[in-house]
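Chain A is the first sequence line, chain B the second, and so forth, proteins listed ahead of strands; every chain is numbered from 1.
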Amino acid sequence: MSVTPTPSKDFIREIIDEDLATGKHDSTVTRFPPEPNGYLHLGHAKSICLNFGIAQEYGGRCHLRFDDTNPTKEDVEYVDSIKEDIKWLGFDWGNHLYFASDYFDKLYEWAVHLIKEGKAYVDEQSAAEMKANRGDLQSPGTESPYRDRPIEESLDLFQRMKAGEFEDGRMVLRAKVDMAHPNLNMRDPVLYRIVHAEHHRTGDKWCIYPMYDYTHGQSDALEHVTHSLCTLEFENHRLLYDWFLENLPVPSRPRQIEFSRLNLNYTVMSKRKLLQLVTEGHVSGWDDPRMPTLCGIRRRGYPPEAIRDFCKTIGITKFQSTNDFALLENAVREVLNREAPRYMAVLDPIRVVIANYPESQVEEMEAVNNPEKPEAGTRLVPFSRELFIEREDFMEDPPKKFFRLSPGAEVRLRSGYFIRCEEVIKDANGEIVELRCTYDPTTRGGENPADGRKVKATIHWVSAAHAIEAEIRLYDRLFMTEAPDRGEGSFLDHLNPDSLKVISGAKLERHLAAVAPGETVQFERLGYFCTDKESAAGALVFNKTAGLRDAWAKAKDQG
RNA sequence: AACUCCGUGGUGUAACGGUAGCACAACAGAUUUUGGUUCUGUUUGUCAAGGUUCGAAUCCUUGCGGGGUUGCCA
């Protein structure tokens with residue numbers, strides 16, 4: 001009798017277990033709080049899987065809340081794409097869609113409350129003065145000359161800030177905490193700034209906007225969030241987060257817990273850098289299949305299930321780490337190996353003529369759609385006298401470990417016949433243009449012949465007369481070095497010049513004309529591919545999602 | 001050298017004072033109508049030094065190393 005090991009939980013789920021056990025909470029409420037100022041990427045996927053995953057596991061709720069407190073950077077365009085990406089990943093916020101801007105009235109009311117309590121004041125120092133008086137990591141700051149102004153005066157000024165009497169930057173509302181605090185966030189943080197800008201939801205109702213620190217915890221409290229999960233860079237903000245909750249009449253007490261953000265080698269993950277890749281044209285857009293954005297990997301053909309599996313395996317911890325890209329690719333291959341229907345496609349064709357095959361004969365060969373999934377059934381693939389095979393699958397002068405086609409050698413055509421190469425035909429430049437072969441009629445379907453003869457390799461093929469053509473886009477990693485972020489120079493210095501190779505005139509079996517958008521298939525022996533959004537009926541375009549593991553490539557490299 | 005968080009194979013992650021395990025990667029072999037998949041095996045680890053303890057990755061001390069923080073961004 002084997003004991004089923006209890007699956008280990010990350011430290012956040014352990015905290016939740018305890019909060020539930022002690023009765024501190026009787027259910028969980030988490031939230032995913034993106035700012036609508038950019039596209040979601042794999043790092044967000046980690047957070048989404050955590051927050052929505054907890055809701056699923058504990059029967060709790062997960063809110064989608066847009067942190068829209070900075071109208072100069074935010075836009076509805078991003079709101080829509082973010083929702084789409086979360087749905088694609090497989091999560092659902094139900095009717096718990098919120099915006100921090102929904103709370104602007106309450107937040108204003110609470111700001112007035114703080115002023116009345118003597119815990120906030122209107123500061124008329126310029127931004128430069130404030131910076132100078134903040135002190136630094138080693139030394140304490142200097143209190144503002146406006147810090148102890150009468151409460152009534154701050155109340156009046158704050159009301160007039162709201163009324164639009166002052167230009168941007170003229171004054172701010174600050175909390176009165178401690179200018180000597182070792183945590184800089186506690187040195188009288190700004191609560192409100194004046195920004196005369198139209199907000200994507202509140203329009204021109206406001207010309208003062210609350211800061212992140214003043215908004216986030218109170219929004220959590222208003223939504224009765226129990227566990228507010230964020231990345232490590234907010235660790236230093238937790239003290240402030242708690243300060244607001246302690247000094248305001250909030251309806252609940254959420255707890256902020258920080259975890260380490262996702263890092264992947266051979267890629268960059270910061271919004272700024274991704275934006276730069278797009279604006280400077282190093283990639284075709286946010287959804288370029290080489291981008292780590294969710295729309296990018298979707299277009300690349302990565303299944304959402306693989307992303308969820310990946311997030312599960314990398315886990316949640318507090319220490320910074322860099323995950324191997326191979327781990328992601330492995331998750332992708334695992335799902336695709338199980339699910340993707342197989343087809344044959346020849347990317348770099350070389351003509352094969354089967355001399356002893358009847359000139360006008362066409363046989364419909366039965367091919368297995370997915371050996372991992374018998375219920376996927378079979379399909380018919382036409383076989384004829386003239387075929388295309390992969391140029392790479394033939395070598396005129398092969399090394400000892402090369403098992404495929406070469407002069408005098410025999411291979412199996414998958415679901416076809418055994419063929420033997422009898423003659424190599426070259427053009428004036430010595431370039432191989434055609435292979436003359438013979439086939440063994442007793443090997444129909446690729447069966448081993450009765451004489452016990454075996455072949456060491458099986459290769460893919462397409463009937464020349466029946467093939468359809470397509471453009472194939474082959475992607476490799478965007479960066480050549482493991483940590484393009486680090487070291488000297490720009491991360492752009494590490495861009496891989498060969499991250500995209502376009503092949504035109506690839507020969508595909510006819511069924512590939514009908515691959516549905518969003519479906520990823522396997523080209524046998526080559527890898528996984530999906531149709532691109534630019535693919536059209538007469539002009540098919542496929543993206544390479546990931547290659548198959550290639551033991552031959554390794555053996556070849558080792559000599 | 002302020003405050004704070006964190007150090008487990010190549011990478012990531014478990015072990016909650018009691019045999020350092022798992023995944024990925026790498027390597028070797030078996031199977032195979034995909035040089036895929038699958039299966040088997042191998043290599044490699046507790047940052048360091050002290051201390052507490054019958055027993056320490058785990059607790060304590062010191063050192064070393066890494067991250068974060070000086071926006072009217074989030």
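At the heavy-atom level, A/Ser260 lies nowhere under 4.0 Å from the strands shown. Residue contacts shown for A/His237 include a base, since a base heavy atom lies under 4.0 Å away. Residue A/Arg338 is classed as having no contact, given no heavy-atom separation below 4.0 Å to the nucleic acid. Within 4.0 Å (heavy atoms only), A/Glu258 reaches no atom of the nucleic acid at all. Using a 4.0 Å heavy-atom distance criterion, A/Asp136 is classed as a base contact. Nucleic acid contact class of A/Glu447 (heavy atoms, under 4.0 Å, all strands): base. Residue A/Phe310 is classed as having no contact, given no heavy-atom separation below 4.0 Å to the nucleic acid.
Dashed line: the shortest gap from a side-chain N or O of A/Thr69 to OP1 or OP2 of B/A74 is under 4.0 Å. In terms of phosphate contacts, A/Arg134 brings a side-chain nitrogen or oxygen within less than 4.0 Å of OP1 or OP2 of B/C72. For B/A74, neither phosphate oxygen OP1 nor OP2 lies less than 4.0 angstrom from any side-chain nitrogen or oxygen of A/Lys73. The phosphate of B/C6 has neither OP1 nor OP2 within less than 4.0 Å of any side-chain N or O from A/Thr317. Between A/Arg342 and B/G36 there is no side-chain N or O to OP1 or OP2 distance below 4.0 Å. Side-chain N/O atoms of A/Arg193 include one lying less than 4.0 angstrom from OP1 or OP2 on B/C73. OP1 or OP2 of B/A26 lies within a sub-4.0 Å distance of a side-chain N or O belonging to A/Lys554.
Among B/U4, B/G12, B/G35, the nucleotide with an atom closest to any side-chain atom of A/Asn236 is B/U4.
If you check the side chains of A/Arg412 and A/Thr458, you find a donor sitting under 3.5 Å from an acceptor.
Base pairing of B/C24 is made with B/G10, judged by Watson-Crick or G-U wobble geometry with both donor-acceptor distances under 3.5 Å. With a 3.5 Å ceiling on both atom-pair distances, the Watson-Crick or G-U wobble partner of B/C3 is B/G68. Nucleotide B/G35 has no partner under the Watson-Crick or G-U criteria, as no pair reaches both atom distances under 3.5 Å.
A parallel orientation is assigned to the rings of A/Tyr209 and A/His199, their planes being inclined by less than 30° (bins at 30° and 60°).
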